[in-house]
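Here the structure comes first, spelled out in structure tokens, and everything after it is commentary.
A, B, ... follow the sequence lines: proteins, then strands. Residue 1 opens every chain.
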Amino acid sequence: MAKIPRGRVATYGQIAAWLGWPRRSRMVGRALRNCPSGLPWHRVVNARGEISRRAAVGSMLTQRILLQQEGVSLRGGRVPLSRFRWHGPKKAREHPARYGG
DNA sequence: GACTTGACTAGAC
DNA sequence: AGTCTAGCCAAGT
């Protein structure tokens, strides 16, 4: 998760797959309950680009703000994955998605 | 050990 | 494009 570049997002399923556990997306979410500070937890969204309700302190408002600060804009409450999804630590693209800044 | 729950997902309508 | 369903598997009760 720490490898997710600024201005990009990944899904729970992706992270699970990178770790070698393709069917364990829920475990990623479970693990994030104890997410140590300093990790970009806000760059993790579900497969539809939505922010989970269980998001940390306060609400998903925090996550939305953090994402927007990185240039990840939400459309209709979702991150457009076609644009901001990160393709993984091994297949990472050279150029980040276009975002203001 | 048998339910229930959950920061999920792919597929069907 | 939205909503529902079945599948998932570790943790909690």
What is the separation between atom [atom1] on [X] and atom [atom2] on [N], rounded to the nearest whole Å?
{"X": "A:Trp21", "N": "C:dA10", "atom1": "CH2", "atom2": "P", "result": "10 Å"}
{"X": "A:Met27", "N": "C:dG12", "atom1": "CE", "atom2": "P", "result": "11 Å"}
{"X": "A:Leu19", "N": "C:dC8", "atom1": "CG", "atom2": "P", "result": "20 Å"}
{"X": "A:Glu50", "N": "B:dG6", "atom1": "CD", "atom2": "C1'", "result": "16 Å"}
{"X": "A:Tyr12", "N": "B:dA10", "atom1": "OH", "atom2": "C1'", "result": "17 Å"}
{"X": "A:Asn34", "N": "C:dA10", "atom1": "CG", "atom2": "P", "result": "17 Å"}
{"X": "A:Arg78", "N": "B:dC8", "atom1": "CZ", "atom2": "P", "result": "15 Å"}
{"X": "A:Leu81", "N": "B:dC8", "atom1": "CG", "atom2": "P", "result": "14 Å"}

Worksheet item: Hey, is the side chain of A:Arg23 poking within less than 4.0 Å of OP1 or OP2 on C:dA6, counting only N and O atoms?
Response: no
Nearest of [options] to any side-chain atom of [X]?
{"X": "A:Ser25", "options": "B:dC8, C:dA10, C:dT3", "result": "B:dC8"}
{"X": "A:Thr11", "options": "B:dG6, C:dC8, B:dT9", "result": "B:dT9"}
{"X": "A:Arg26", "options": "B:dG6, C:dA10, B:dT9", "result": "B:dG6"}

Response to the item:
Rounding to 0.5 Å, atoms CZ (A:Arg43) and CZ (A:Phe84) come to a distance of 13.0 Å
Worksheet item: With sugar-phosphate meaning primed atoms plus P, OP1 and OP2, does A:Arg33 contact a base, only sugar-phosphate, or nothing at under 4.0 Å between heavy atoms?
Response: base
Fill in: Main-chain N/O of A:Trp86 paired with A:Gln14 side-chain donor or acceptor, under 3.5 Å
yes
Taking the side chain as C-beta and beyond, is there a heavy-atom pair between [X] and [Y] under 4.5 Å?
{"X": "A:Trp41", "Y": "A:Gln63", "answer": "yes"}
{"X": "A:Trp18", "Y": "A:Ile15", "answer": "yes"}
{"X": "A:Val28", "Y": "A:Trp21", "answer": "no"}

Discussion item. Before you tell me yes or no, could you show the steps for A:Leu32 and A:Val44 under side-chain contact (heavy atoms from CB on, under 4.5 Å), namely the whole-Å CA-CA distance, both residues' side-chain angles and the distance that decides it to 0.1 Å?
Written reply: CA-CA 10 Å; A:Leu32 282 188; A:Val44 183; 4.3 Å; yes
Worksheet entry | Nearest-nucleotide 5' precedence on DNA chain B, A:Arg30 against A:Gly13 | A:Arg30
Worksheet item: Do the side-chain N and O atoms of A:His42 and A:Glu70 include a donor-acceptor pair separated by under 3.5 angstrom?
Response: yes
Fill in: Where DNA chain C forms stems, i.e. three or more consecutive Watson-Crick or G-U pairs with both distances under 3.5 Å
B:2-6 with C:9-13, B:8-13 with C:2-7
